[in-house]
Protein chains: 2
Amino acid sequence: MCTERYRGGVEAEGLIAHDVLAVVLRITGTVPSVLLWRRAREPHEGRWALPGGRLGATEDVEASVRRHLAEKVDLAEVAHVEQLSVFSDPHRGPAPRRVATAFLGLVPSDADPAIPDDTAWHRVDALPPTAFDHGEITRVGLDRLRAKLSYTNIGFALAPDVFSISELRRLYAAALGHHVSATNLQRVLTRRGVLVPTGTTAAPGPAGGRPAALFRFSEHTLRVTDPFAALRPPSGAGAV
Amino acid sequence: MCTERYRGGVEAEGLIAHDVLAVVLRITGTVPSVLLWRRAREPHEGRWALPGGRLGATEDVEASVRRHLAEKVDLAEVAHVEQLSVFSDPHRGPAPRRVATAFLGLVPSDADPAIPDDTAWHRVDALPPTAFDHGEITRVGLDRLRAKLSYTNIGFALAPDVFSISELRRLYAAALGHHVSATNLQRVLTRRGVLVPTGTTAAPGPAGGRPAALFRFSEHTLRVTDPFAALRPPSGAGAV
DNA sequence: GAGGTTTTCGCCTTTTGGTCGAAAACGTGG
DNA sequence: CCACGTTTTCGACCAAAAGGCGAAAACCTC
């Protein structure tokens, strides 16, 4: 049949199914959680998988991952999306061969978007059995988030629109997995100009305490804190 | 014919040609250069393209880019390869649709590998007309190199096995496009433990001068200088 | 108003990066 | 063999950035 030769022809020509996947993270309590859905069909029936799907003919990978993500979560709640990496091990899943471009997505901690019945948030420190290489991909996404918290304004995608320093401190500590000092966090982010005071304060908790000043991020798009590390240009920089 | 329905079937199924591409950089004089080959056929005949080719059925993208690179340059001279990004704009080239995974490759300044007749090094500040989006991809590769020079030991892939500080300073300045102080470069890299003295010295130039002490990189694989920026863990770090 | 709680802020220390100039170690040419 | 130019090295100093601590501020309840 044509179908037989068809398959063979496809592989000889090197045409490959291309998927997109999203590691969608959100800080819940003291630990990040990732959005996963439970597979109802083989392969890997019953295991938990990252949202995603086939790359369409008229879209680039970022448009595609946004389209597929919209099936699992309200896209308006996803504050940031960026490309992670390509996963292409020929044995990363059963035949036929699939290549996937993975993305990182971030949802602010105050958003609690509606999600389908087969979908749930899972703490990254207690992942259920994952399908294919999705566990490894989740780890890559988490690592990326942690790295970028240090030298970008990516916190805007984890925090509510306005927030107190202690709330922000809690989010950073949860994402980074280690203690973060409120004093230092505020100073570092302020010096970089990513944090601006709103002038308003929050009501104290039931146990009292001084009312917290409220802040917001100056920008809601990713910006690298420019001379973020060693070996800066002297003063007036001339790009090549 | 089968062929007719074949094509239609392929696109309906979303099967796509996947390419790999490499931005191979090398510091030449005071400016980085990129390895390009001149296309002898349409589309974009006569324009200059990045090395690369089709992803094969039994290899992942990194193995593939190494295989294709071997056709243009001696792989043993490529000291470092890392994934850059996926380029998937449906209109990034004429039909049929192609998706490409781009890589960054680095060749030490003392290597001068043999290359085919259709291939040449081009200074990145004076690129010839490039095919498809290869000019943009080159820019992405250069940006990646510049960023990583600041917070990783990636210099090992630009420098000879042993080198003087002034040689290394020249390489960093050329790659970054701005002045770099030898004193500071040595201190920063030494403090991070990526630079180790060999105990030997180089012969002075024809005009004399104090003989330069020679160094080498402690590792020849990529390592991120761990707490490379703000928001470090307190002291004893416990990973989650 | 006393006592508990939470946030804020000033002050200090440590680490890191940037700059400068003197000294060291070589050549060459009188 | 000594003065001079050259290149590298190294110490000293400075500024910026980040980490830490504790007192003070601003709220609660009893």
Side-chain angles (χ1 to χ4, degrees), chain A residues 149-152 155 162-173 176 178-215 224-237, chain B residues 149-152 155 162-173 176 178-215 224-237:
Chain A
L149 280 174
S150 266
Y151 64 93
T152 73
V162 305
F163 48 84
S164 69
I165 294 298
S166 27
E167 275 176 74
L168 192 64
R169 190 211 65 80
R170 184 181 62 80
L171 296 175
Y172 271 69
L176 291 171
H178 63 72
H179 175 259
V180 173
S181 127
T183 300
N184 202 42
L185 183 65
Q186 172 174 9
R187 183 182 25 204
V188 166
L189 295 184
T190 300
R191 176 159 43 212
R192 294 177 180 173
V194 307
L195 215 56
V196 294
T198 65
T200 59
T201 59
R210 176 169 174 170
L214 295 178
F215 294 79
V224 176
T225 310
D226 219 46
F228 67 88
L231 306 179
R232 310 182 238 281
S235 48
Chain B
L149 280 174
S150 266
Y151 63 93
T152 73
V162 306
F163 48 84
S164 69
I165 294 297
S166 28
E167 275 175 76
L168 192 64
R169 190 210 66 80
R170 183 181 62 80
L171 296 175
Y172 271 69
L176 291 171
H178 63 73
H179 173 259
V180 173
S181 128
T183 300
N184 201 40
L185 182 66
Q186 174 174 8
R187 184 183 25 200
V188 167
L189 295 184
T190 300
R191 180 155 44 207
R192 294 177 180 171
V194 306
L195 215 57
V196 294
T198 66
T200 59
T201 59
R210 177 168 171 170
L214 294 178
F215 295 80
V224 175
T225 310
D226 219 47
F228 65 88
L231 305 179
R232 310 184 236 283
S235 46

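So you know, we letter chains A, B, ... as the sequences are listed, proteins then strands, and number each from 1.
Within 4.0 Å of A:Ala182, counting heavy atoms only, lies no atom of the nucleic acid at all. Among the heavy atoms of the strands lying under 4.0 Å from B:Ser181 is at least one base atom, whether or not backbone atoms are also near.
A:Ile165 pairs in a side chain to side chain contact (heavy atoms under 4.5 Å, CB included) with only one of the listed residues (A:Leu195, A:Thr190, A:Leu189, A:Thr183), which is A:Leu195.
Within the 4.5 Å cutoff, the side chain of B:Arg192 has heavy atoms near those of the B:Val188 side chain.
Here the C1' atom of nucleotide D:dA18 and the NE2 atom of A:His179 are 14 Å apart, to the nearest Å. Distance, A:Leu195 CG to C:dT8 P: 11 Å, rounded to whole Å. Atom P of nucleotide D:dA17 and atom CD of A:Gln186 are separated by 16 Å, given to the nearest angstrom. The interatomic distance linking A:His178 (NE2) with D:dA18 (C1') rounds to 13 Å, in whole Å. In this structure, B:Leu189 places its CG atom 9 Å from P of C:dG17, rounding to the nearest Å. Rounded to whole angstrom, the span from the CG atom of B:Asn184 across to the C1' atom of D:dA12 amounts to 14 Å. Computed from coordinates, the B:Phe215 CZ to D:dC10 C1' distance equals 11 Å when rounded to whole Å. If you take CZ of B:Arg169 and C1' of D:dT8, they are 12 Å apart, rounded to a whole angstrom.
Note on B:Arg210: every side-chain N or O is 4.0 Å or more away from OP1 and OP2 of D:dC10. At least one side-chain nitrogen or oxygen of A:Arg192 sits closer than 4.0 Å to the OP1 or OP2 atom of D:dA18. Residue A:Arg187 places none of its side-chain N or O atoms closer than 4.0 Å to OP1 or OP2 of D:dA18.
Place B:Ala207 and A:Ile165 on DNA chain C by their nearest nucleotides, and A:Ile165 ends up nearer the 5' end. For the pair B:Ala213 and A:Thr183, both in contact range of DNA chain D, the more 5′-proximal nearest nucleotide belongs to B:Ala213. The 5' end of DNA chain C is approached more closely, in terms of each residue's nearest nucleotide, by A:Glu167 than by the other of A:Glu167 and B:Pro211. Mapping B:Leu214 and A:Pro204 onto DNA chain D by nearest heavy atom places B:Leu214 at the nucleotide closer to the 5' end.
For the pair A:Val162 and A:Leu214, the tightest heavy-atom approach, listed with the atom from each and the gap, is CG2-CD1, 4.4 Å. The shortest heavy-atom contact between B:Gly209 and B:Pro204 is O-CB, 3.3 Å.
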Test side chain to side chain contact (heavy atoms under 4.5 Å, CB included) on B:Leu168 and B:Phe215 and set out the steps.
CA-CA 9 Å; B:Leu168 192 64; B:Phe215 295 80; over 6 Å; no
